[in-house]
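Comments concern the structure below.
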Amino acid sequence: MEGYNPNKIENKWQKKWEDLGIFKAEDDSKKPKKYILVEFPFPSGDGLHVGHCRGYSAVDTLTRKKRMEGYNVLFPMGWDAFGLPTENYALKTGIHPTKVTEKNTANFKRQLKSLGISFDWDREINTTDPKYYKWTQWIFLKLFKKGLAYQEEMPINWCPSCKTGLANEEVVAGKCERCGALAEKKIKKQWMLKITAYADKLIDGLKKVDFPERVKTQQINWIGKSEGATLKFLISDSQFAIDVFTTRPDTLFGCSYLVVSPEHSMIQIQKHKIENYKEVEKYIEKSKKRSDLERTGSAKVKTGVELKGIKAINPANKKEISVWVADYVLPHYGTGAIMSVPAHDQRDYDFAKKFKLPITPVVFSEGKDKDLQKVFEGEGVAINSGEFNGLKTFEFKEKIIKWLEKDGVGKKAVNYKLRDWVFSRQHYWGEPIPIIHCSKCGIVPLTEKDLPLELPYIEKYEPTETGESPLANVSEWMNVKCPKCARSAKRETDTMPNWAGSSWYFLRYADSKNDDVFADFDKLKYWLPVDVYNGGMEHTTLHLLYSRFWHKFLFDIGVVPQDEPYQKRTSHGMVLAEDGRKMSKSLGNVINPDNIIEKYGADSLRLYEMFMGPFDQAIAWSISSVVGMRRFLEKVYKLSEKCSRDSDTLNNLDLERLVHQTIKKVTEDIENFKFNTAISQLMILVNEFEKYPKISIDYYQLLLRLLSPFVPHITEELWEKSGNKESIFLEKWPEYNAKLIKAKKIILIVQINGKVRDKIEAEADISEQDAKELTLSSEKVKKYTEGKEIKKIIFIKGKLINIVI
RNA sequence: GCCGGGGUGGCGGAAUGGUAGACGCGGUGGAUUCAAAAUCCACUGUUCGCAAGGACAUGUGGGUUCAAGUCCCACCCCCGGCACCA
């Protein structure tokens with residue numbers, strides 16, 4: 001018999017599957033549906049990463065099993081092709097982004113096909129296709145109409161030397177990645193999406209979906225809802241007040257100063273009163289060069305400057321307190337100003353210590369440290385708080401808010417860490433924002449019939465010196481007539497971020513070629529929600545929240561049938577380099593799947609990626625383990641020579657039990673994304689089969705079916721070799737018999753004081769009394785119990801007995 | 001710094017509070033071979049012991065329990081995210 005030659009059989013079956021069209025989803029089918037989705041890739045010039053292969057192999061395994069279980073499966077693929085890396089590559093090489101994208105997607109597609117992933121390519125989409133982004137723009141217009149898209153002055157990263165805007169990624173340690181100049185912030189009017197309007201809905205929706213707990217927690221913490229109060233602090237001798245948000249209004253009596261962010265408007269408004277304005281200005285300039293992370297992160301070294309000449313009044317005790325500017329206070333959280341209670345907040349305490357500001361404890365807790373050297377952030381009983389003394393924290397909060405409300409200096413408030421989404425990019429390679437600016441009519445949105453607003457094909461897409469998008473240089477595109485008044489007007493030149501196209505792409509798969517609507521409602525009703533959505537952990541808070549936000553919005557305007565897009569979310573861990581570090585070009589440790597497939601075959605690669613470890617954890621690549629998978633597949637291949645029509649092995653009870661245990665384990669483990677243990681169980685079964693001189697062909701074919709979702713090519717080949725005419729993927733998934741799984745005899749574990757001292761064979765259903773007798777008569781046990789008093793015996797049925805002496 | 005996750009043999013890892021180390025890799029010895037590769041068989045956590053057998057062992061230190069890798073408290077280290085990479 002010919003040996004196992006993966007290259008030959010993999011090509012053969014990939015072609016056959018394509019010809020047969022067995023992976024196409026049917027829009028009308030009597031079968032129940034499953035929509036199984038994996039994040040579509042950004043087609044980078046580096047080609048497929050072995051990390052991509054991990055996610056795709058896993059979901060393909062599940063998909064193939066689901067088809068065998070009788071589901072009509074939608075398993076689509078597409079390209080998230082707009083983005084900065086393509087634009088930068090184009091700038092460097094002079095090859096147009098359209099061409100770069102074409103080349104990269106072709107390469108990705110070839111690689112995906114060589115892995116044997118069973119995508120339905122008929123529904124392929126590309127976010128850079130005008131027929132696709134027409135609908136991305138359409139959704140933007142809907143958001144605009146509902147007031148959820150608006151313009152606001154927002155900072156961008158700016159390199160004063162290159163005279164260009166920078167992405168966060170291009171700012172390394174505060175410096176421009178290209179030239180090393182200190183990056184600055186430049187204020188620009190930008191489009192924003194009001195995701196905060198959906199904050200509560202995004203939290204509530206998590207209750208009804210099946211996401212990993214850690215994903216839910218991370219989203220909830222990212223949204224960061226907190227309840228408290230907004231308090232007004234009047235500035236002495238003025239009508240002006242500073243609003244602060246606090247979750248602890250009960251500590252107001254302990255507030256000994258205020259801190260505002262360098263961006264706070266009051267600084268400019270009260271400029272004339274600030275005696276040390278020069279010093280303050282210098283501080284503000286310095287903080288412009290620091291990222292949020294540096295500002296809040298650099299631990300205990302707090303910086304700040306007092307606004308001399310300005311005093312605020314604590315509304316609780318009417319005492320005058322100082323006002324400071326410090327960059328650890330961020331402009332976009334709360335009101336951009338805080339009341340500082342150094343006795344009960346660590347950061348305030350550090351600041352107060354450094355600048356020798358008063359520290360007054362106002363919460364006392366029994367049993368807690370009364371030592372003033374330490375901060376007490378917990379709840380307790382009020383002290384030093386006038387008429388409120390003695391109140392517990394939660395009562396105090398309620399009462400003081402009411403008390404302040406009466407004077408109009410405070411009210412209950414909810415605050416979110418979540419910020420609105422900055423939707424503008426000053427780049428070429430993105431969806432144009434379908435807006436016209438008219439000096440008379442203001443902001444004029446395009447109408448639906450004007451869509452798609454196509455990205456003009458231009459040869460020069462260098463960034464402009466003003467920080468505007470390269471489109472601002474394309475005057476014939478930019479200068480238009482106002483659709484309302486026909487005067488000359490200008491197009492919006494900012495483009496959308498990469499997140500836009502990926503926020504709704506899963507809807508398009510349901511009806512990817514429709515020119516009249518983004519997807520037919522009935523088709524959406526049939527296919528949605530996505531039953532399983534796999535992707536990287538790194539998308540938990542951005543992509544996953546953005547797309548949930550858009551989907552909830554589309555539900556609210558009645559164009560999608562449910563309010564949550566994804567029923568279940570799974571996440572794969574990263575594949576690291578063999579040395580445990582991230583794979584990167586600069587480190588030269590990148591593994592190219594093409595080479596692995598050529599040398600060992602796609603099946604070995606797929607099997608390895610599923611076996612390497614727990615699916616959701618980061619794991620280092622190991623080439624010797626790939627060899628191990630190849631070895632296992634060789635064994636399975638050779639096993640076909642031992643197949644026999646006579647059914648000796650079928651009558652072996654132990655083997656029968658193992659077979660049924662394996663069906664159960666593999667069936668359940670695939671469902672739970674525990675691929676590594678499913679494969680280990682299949683290895684155990686193969687090892688057992690090898691012990692017999694002949695093996696029943698029924699058992700062998702059952703093994704092939706169980707293995708087929710993981711290693712589709714070799715199993716399809718062996719399926720054919722063992723006399724089958726039709727594809728193994730048109731077969732039914734095996735079922736197990738629960739009765740056959742239970743063993744009659746067990747090994748009873750005998751412990752003395754919790755340590756294993758003996759193992760005795762016994763009936764599986766042995767009673768406690770019999771087990772005691774059996775155990776106490778054991779010689780080994782006698783050795784330990786002799787002359788000792790038995791205090792207690794714990795018996796776990798079918799498993800263990802523990803004698804406490 | 002903040003949020004989330006993780007730490008078990010030489011390595012990847014397994015283990016509903018109940019036999020720690022399944023399965024795979026690597027290693028050692030043997031068979032086969034002119035030789036090697038491949039393959040097959042045996043052994044393979046550390047340590048004491050001729051052996052029987054024992055002790056130790058899941059990042060560190062405490063705790064709960066008849067019993068802890070698993071639960072609780074504190075700490076250390078590693079990884080992901082931190083809003084313009086995708």
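Throughout, protein chains are lettered first and strands after them, A, B, ... in sequence-line order, and every chain is numbered starting at 1. The figures here come from the full heavy-atom set of this structure, side chains too, leaving out hydrogens, waters and symmetry mates.
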Nucleotide by nucleotide, nucleotides 70-83 of chain B touches protein heavy atoms under 4.0 Å in the pattern (B base, S sugar-phosphate only, - none) ----------BSBB
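Among the heavy atoms of the strands lying under 4.0 Å from A:Pro614 are primed sugar atoms or P, OP1, OP2 only; no base atom is included. Residue contacts for A:Asp616: at a heavy-atom cut-off of 4.0 Å it reaches no nucleic acid atom on any strand shown. A:Thr677 comes within 4.0 angstrom of sugar-phosphate atoms only, judged by non-hydrogen atoms across all strands, and of no base. A:Ile796 comes within 4.0 angstrom of a nucleotide base, judged by non-hydrogen atoms across all strands. Here A:Ser502 lies out of heavy-atom contact (under 4.0 Å) with every strand. The residue A:Phe549 sits apart from the nucleic acid: no heavy atom pair falls under 4.0 Å. Contacts of A:Phe42 with the nucleic acid, taken as non-hydrogen atoms under 4.0 Å apart, involve only primed sugar atoms and P, OP1 or OP2. Within the nucleic acid shown, A:Arg631 comes within 4.0 Å of sugar-phosphate atoms alone, with no base atom in reach, counting heavy atoms only. Note on A:Pro85: only backbone sugar-phosphate atoms sit closer than 4.0 angstrom, heavy atoms only; bases stay farther off. Residue-level contact check: A:Arg581 touches neither bases nor backbone, having no heavy atom under 4.0 Å from any strand. Residue contacts shown for A:Gln751 include a base, since a base heavy atom lies under 4.0 Å away. Here A:Glu634 lies out of heavy-atom contact (under 4.0 Å) with every strand.
Every residue two or more places apart in sequence or in another chain that forms a side chain to side chain donor-acceptor pair (under 3.5 Å) with A:Arg581 is listed here: A:Asp579.
Side-chain proximity of A:Gln617 to B:G18, B:G6, B:A86: nearest is B:G6. Of the candidates B:G26, B:C84, B:A15, B:C84 carries the atom nearest the A:Gln190 side chain, counting heavy atoms from C-beta on. The side chain of A:Ile749 lies closest to B:U19, out of B:G54, B:G12, B:U19. Closest to the A:Met683 side chain, of the nucleotides B:G24, B:G18, B:U39, is B:G24. For A:Phe611, taking side-chain heavy atoms from C-beta onward, the closest of the listed nucleotides B:C23, B:G4, B:G53 is B:C23. When distances run from any side-chain atom of A:Lys635 to the nucleotides B:C40, B:C84, B:A86, the shortest one goes to B:C40.
Side-chain contact of A:Arg419 with A:His332: a donor-acceptor pair under 3.5 Å is present, judged by distance alone.
Comparing B:C25 with B:U39, their P atoms sit 9 Å apart, to the nearest whole Å. Separating the P atom of B:G12 from that of B:A51 is a span of 31 Å, rounded to the nearest Å. Here, B:G69 and B:A37 have their C1' atoms 41 Å apart, quoted to the whole Å. Distance check on atom C1': B:C41 versus B:U32 gives 11 Å, rounded to whole Å. On the P atoms, B:G9 is 10 Å away from B:U60, given to the nearest whole Å. Annotation: B:U44 and B:G21 have their P atoms spaced 12 Å apart (nearest Å). Of the C1' atoms belonging to B:C48 and B:C3, the separation is 48 Å, rounded to the nearest Å. If you take atom P in B:G59 and the same atom in B:C11, they sit 13 Å apart, rounded to whole Å.
The existence of a salt bridge linking A:Arg214 and A:Asp616 is confirmed by a sub-4.0 Å separation between a basic side-chain nitrogen and an acidic carboxylate oxygen. Using a cut-off of 4.0 Å between Lys/Arg side-chain N and Asp/Glu carboxylate O, A:Glu492 and A:Arg425 are scored as not salt-bridged. Between A:Glu152 and A:Lys189, none of the side-chain N atoms (NZ, or NE/NH1/NH2) sits under 4.0 Å from a carboxylate O, so this pair counts as no salt bridge. A salt bridge is absent between A:Glu779 and A:Lys783: the closest approach of a Lys/Arg side-chain nitrogen to an acidic carboxylate oxygen does not fall below 4.0 angstrom. Between A:Glu538 and A:Lys582, none of the side-chain N atoms (NZ, or NE/NH1/NH2) sits under 4.0 Å from a carboxylate O, so this pair counts as no salt bridge.
The cationic group of A:Lys642 does not satisfy the cation-pi geometry with A:Tyr692, failing either the under 6.0 Å distance to the six-membered ring centre or the 45° limit from the ring axis.
Atom pair A:Lys791:NZ and B:U65:P shows a separation of 14 Å (rounding to whole Å applied). Distance, A:Lys674 NZ to B:A22 C1': 13 Å, rounded to whole Å. Across the protein-nucleic acid pair, A:Leu639 atom CG and B:U39 atom P stand 15 Å apart, rounded to whole Å. One interatomic measurement links the two molecules: CE of A:Met610 to C1' of B:C23, which rounds to 16 Å at whole-angstrom precision. Atom-to-atom, NZ of A:Lys792 to P of B:U65 comes out at 10 Å; the value is rounded to the nearest Å.
Shown here, B:G30 is classed anti by the O4'-C1'-N9-C4 or O4'-C1'-N1-C2 angle, which is more than 90° from 0.
Toward the 5′ end of RNA chain B lies the nearest nucleotide of A:Ile619, the other residue of the pair A:Ile684 and A:Ile619 mapping further downstream. A residue-by-residue look at A:Ile156 and A:Asn687 shows that A:Asn687 has its nearest nucleotide of RNA chain B further toward the 5' end.
The ring of A:Phe108 has its center closer than 6.0 angstrom to the ring center of A:His52. Taking the centre of each ring, A:Trp421 and A:Tyr546 come in below the 6.0 Å mark.
Across all strands shown, B:C2 pairs with B:G81; the Watson-Crick or G-U wobble distances both stay below 3.5 Å. Using Watson-Crick or G-U wobble geometry with both donor-acceptor distances under 3.5 Å, B:G29 finds its partner in B:C41. Nucleotide B:U46 forms a pair with B:A55, judged by Watson-Crick or G-U wobble geometry with both contacts under 3.5 Å. Pairing of B:U70, defined by two Watson-Crick or G-U wobble distances under 3.5 Å, is not identified with any nucleotide.
Screening A:His539, A:Gln219, A:Gln218 against A:Leu545 for a side chain to side chain contact (heavy atoms under 4.5 Å, CB included) leaves a single residue, A:Gln219.
Between A:Lys755 and B:A20 there is no side-chain polar atom (N or O) within less than 4.0 angstrom of OP1 or OP2. For the pair A:Asn676 and B:A14, the criterion of a side-chain N or O lying under 4.0 Å from OP1 or OP2 is met. Taking 4.0 angstrom as the limit, A:Asn221 places a side-chain polar atom (N or O) nearer than this to OP1 or OP2 of B:G4. Between A:Tyr784 and B:G54 there is a side-chain polar atom (N or O) within less than 4.0 angstrom of OP1 or OP2.
A distance of 11.5 Å separates CE of A:Met496 from OG1 of A:Thr127, quoted to the nearest 0.5 Å.
In the region residues 798-805 of chain A, proximity to RNA chain B at under 4.0 angstrom, judged on heavy atoms, holds for A:Lys799, A:Leu800, A:Asn802, A:Val804.
A:His543 and A:Tyr505 have tilted rings, their planes meeting at an angle from 30° to 60° on a 0 to 90° scale. Between A:Tyr608 and A:Trp621, the ring planes lie perpendicular to each other; the angle is over 60°, past the 30° to 60° tilted range.
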